[in-house]
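Everything below concerns the one structure shown next.
Just so it is clear, the structure is predicted and the values come from calculations on it, not from any experiment. Below, chain A is the first sequence line, B the second, and so on; all start at residue 1. Values below: every heavy atom of this structure, side chains too, minus hydrogens, waters and symmetry copies.
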Amino acid sequence: MDAAQAPRIGRVFALIDGNSFYCSCERAFAPALNGRPVIVLSNNDGCAVARTPEAKALGIAMGAPFFKIRDLCRKNQVAVFSSNYTLYGDMSSRMNEIYHQFAPEVEVYSIDESFLDITGLGGGSYVAYGQQLRQTVRTWTGIPTCVGIGPTKTLAKLANRTAKNHAELNGVCDFSDLATREKYLPATSVGELWGIGGASAAKLKAIGVETVGQLRALDPKRGRQLLTVVGERTIHELNGIACLALETLPVGRKGIAVTRSFGRPVTSLVEMQQAVAAYATRAAEKLRRHGLCAVQGVVFMHTNAFNGDKWSHTSKAVEFLEPTDDTQELVAAATRAAATAWREGYRYAKAGIMLTELVPLTMAQTSLLATIDRAQRDRLNQALDAINLRFGRHTLVPAAAGLKQAWSTKFERKSPCFTTRWKELPKVAA
DNA sequence: TCTGGGGTCCTAGGACCC
DNA sequence: TCTGGGGTCCTAGGACCC
């Protein structure tokens, strides 16, 4: 481990996250939904990916396919939304702005979770500080949160989970406090731990380790044998030895993927090429936003794995003579690859492009054989990005992506972009 | 006939996360 | 009829090199 990355000792971390985050974003602009069950669906309105406690109480599982719970939702007046990532992303950045007022260092871990270094803050009571943070977020954004506190990130994460599961904690749990830790931690089941999924929990159970208290007492070397270095680190972190540092700098992306299910089966190559062109367009935007170029990737397509359709999964690699972030070049390569991977006579349900080898723009080597005028392409792409930023993502699109896009992913229950589009600002009557 | 040892790189697959 | 998308990290094993 690098000295620069080595965790500093004696830190206190807080993990704050939004409760049923996507649902809470929807409720923030529809207060009538408070107290009512709400769920948010995945892309293509496929399955439930966020549920309020009222929805969980109805038995709606994480990942439940919507068509299987549609009747249940109707009977119980569940408010059902398509994903509105523009809204959730904007709410997320508002929350992180608040976190920066409460802590000098913030790691944005996911769209709804951030780690804060709160060492020495709060004037002696971390619980009070956590409550103050929650109240501020609630007042300024409308999003309810929970806060977990601990001397390692694993303990902070577990404290956060504990705060969610025990109403008497009122949303804040501090595992830097030994009494609190010993009250809640030992009996917690290992499956609740960050980094312990179903497979690892089964391996632990096989050697008689089912609770966090038991895992904590396991020899770290044994943990490594069983669960690789991840298991070893978890044991150390449970014992208060920090192995994971706060990661406040953006890390270099290793890959960029744009993959989507279709709103209805695609059975013609023309439509498949349109879809892949649209995904390549989006991938090029992502590359430019991160200052990266692609060297190679893969285009894939497959049929529905669930419904008994004839199965086909094909892919075709794409390679570039020199690293590129150019929309036209990516679209051309992707549509060519799609034609190669295409098999006639199948009902395709999904396709995508994955760029697997990336280099920073500044390190991109140019080829002597290249025939493209880079400077001209760069100006064109900059203009494209500027126009789409100002007037909305799909204002200017490559013709290859098609204009009708009858295959496009379903979002039939999407709420407005309340905070990011002038036309969709919420209206208030007084 | 006897046939070493140590290193790197790459890839596929598993597991996990939100 | 209808079942998401986008990531990361780790390990084992093979290819290859000297």
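- Taking the ring centroids of Y184(A) and F175(A), they lie at or beyond the 6.0 Å cut-off.
- Side-chain contact annotation: Q131(A) with R134(A), donor-acceptor N/O pair under 3.5 Å present.
- A sub-4.0 Å separation between OP1 or OP2 of dT3(C) and a side-chain N or O of S42(A) is absent.
- Taking only side-chain nitrogens and oxygens, R70(A) never comes nearer than 4.0 Å to OP1 or OP2 of dC2(C).
- Checking D326(A) against T324(A) by side-chain atom types alone, no donor-acceptor pair falls below 3.5 Å.
- Nucleotide dC10(C): paired with dG13(B) (Watson-Crick or G-U wobble, both distances less than 3.5 Å).
- Note on K350(A): a side-chain N or O is less than 4.0 Å away from OP1 or OP2 of dG5(C).
- Residue I196(A) is classed as a sugar-phosphate contact, given heavy-atom separations below 4.0 Å to backbone atoms only.
- Heavy-atom nearest nucleotides on DNA chain C were determined for V230(A) and for P65(A), and the one closer to the 5' end corresponds to P65(A).
- When distances are taken from the side chain of R253(A) to each of dG7(C), dC18(B), dG4(C), the shortest belongs to dG7(C).
- Contact between the side-chain N/O atoms of R260(A) and the OP1/OP2 oxygens of dG6(C) is found at a separation under 4.0 Å.
- Checked against dT3(C), dG5(C), dA15(B), the side chain of A199(A) finds its nearest nucleotide in dA15(B).
- Residue F66(A) is out of contact with every strand shown, counting any heavy-atom pair closer than 4.0 Å.
- Residue T228(A) places none of its side-chain N or O atoms closer than 4.0 Å to OP1 or OP2 of dC9(C).
- Separating the OH atom of Y22(A) from the C1' atom of dG4(C) is a distance of 10 Å, rounded to the nearest angstrom.
- Distances from the side chain of R224(A) to the nucleotides dT3(C), dC17(B), dT11(C) place dT11(C) closest.
- The phosphate of dT1(C) has neither OP1 nor OP2 within less than 4.0 Å of any side-chain N or O from N307(A).
- Considering CZ of F13(A) and CG of L116(A), their distance stands at 11.0 Å, rounded to 0.5 Å.
- Residue K157(A) has a polar side-chain atom (N or O) positioned under 4.0 Å from OP1 or OP2 of dC18(B).
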Candidate pair D174(A) and T180(A), rule side chain to side chain donor-acceptor pair (under 3.5 Å), full reasoning: CA-CA 7 Å; D174(A) 179 11; T180(A) 309; over 6 Å; no
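- With 3.5 Å as the limit, one finds no donor-acceptor pair spanning the side chains of S42(A) and N44(A).
- Heavy atoms of K203(A) sit nowhere under 4.0 angstrom from any nucleic acid atom.
- In this entry the distance linking CZ of R282(A) with P of dG5(C) reads 14 Å, nearest Å.
- With dG7(C), dC9(C), dT3(C) as the candidates, the nucleotide lying closest to the side chain of R233(A) is dC9(C).
- Note on S200(A): only backbone sugar-phosphate atoms sit closer than 4.0 angstrom, heavy atoms only; bases stay farther off.
- Within the nucleic acid shown, R264(A) has no heavy atom closer than 4.0 Å to any nucleic acid atom.
- Contact annotation for G352(A): no contact, since no heavy-atom pair falls under 4.0 Å across all strands.
- R347(A) has no side-chain polar atom (N or O) that falls below the 4.0 Å cut-off from OP1 or OP2 of dT1(C).
- For the pair D45(A) CG and dG5(C) P, the interatomic distance rounds to 11 Å; values are reported in whole Å.
- G63(A) comes within 4.0 angstrom of no nucleic acid atom, judged by non-hydrogen atoms across all strands.
- Atoms CG (N19(A)) and P (dC18(B)) sit 14 Å apart, rounded to a whole Å.
- Along DNA chain C, the nucleotide nearest to T259(A) and the one nearest to D309(A) differ in position, and the one closer to the 5' end is contacted by D309(A).
- Nucleic acid contact for I69(A): none, since no nucleic acid atom lies under 4.0 Å from a heavy atom of the residue.
- Going from the P atom of dT3(B) to that of dC18(C) covers 24 Å, rounded to whole Å.
- We find that CD of Q225(A) is positioned 16 Å from C1' of dC10(C), with the value rounded to whole Å.
- Looking only at atom types and distance, the side chain of T409(A) has no donor-acceptor partner in the side chain of N43(A) under 3.5 Å away.
- Residue K410(A) places no side-chain N or O under 4.0 Å from the OP1 or OP2 atom of dG4(C).
- Rounded to whole Å, the distance from NZ on K68(A) to C1' on dT1(C) is 14 Å.
- Residue contacts for L41(A): at a heavy-atom cut-off of 4.0 Å it reaches no nucleic acid atom on any strand shown.
- K286(A) has its NZ atom 7 Å from the C1' atom of dG6(C), to the nearest Å.
- Listed nucleotides dC17(B), dC2(C), dG5(C) differ in distance to W194(A); the shortest reach to its side chain belongs to dC17(B).
- Residues W342(A) and Y348(A) place their aromatic rings such that the two centres sit under 6.0 Å apart.
- Residue-level contact check: V251(A) touches neither bases nor backbone, having no heavy atom under 4.0 Å from any strand.
- Atom CE in M91(A) sits roughly 19 Å away from atom C1' in dC18(B) (whole-Å rounding).
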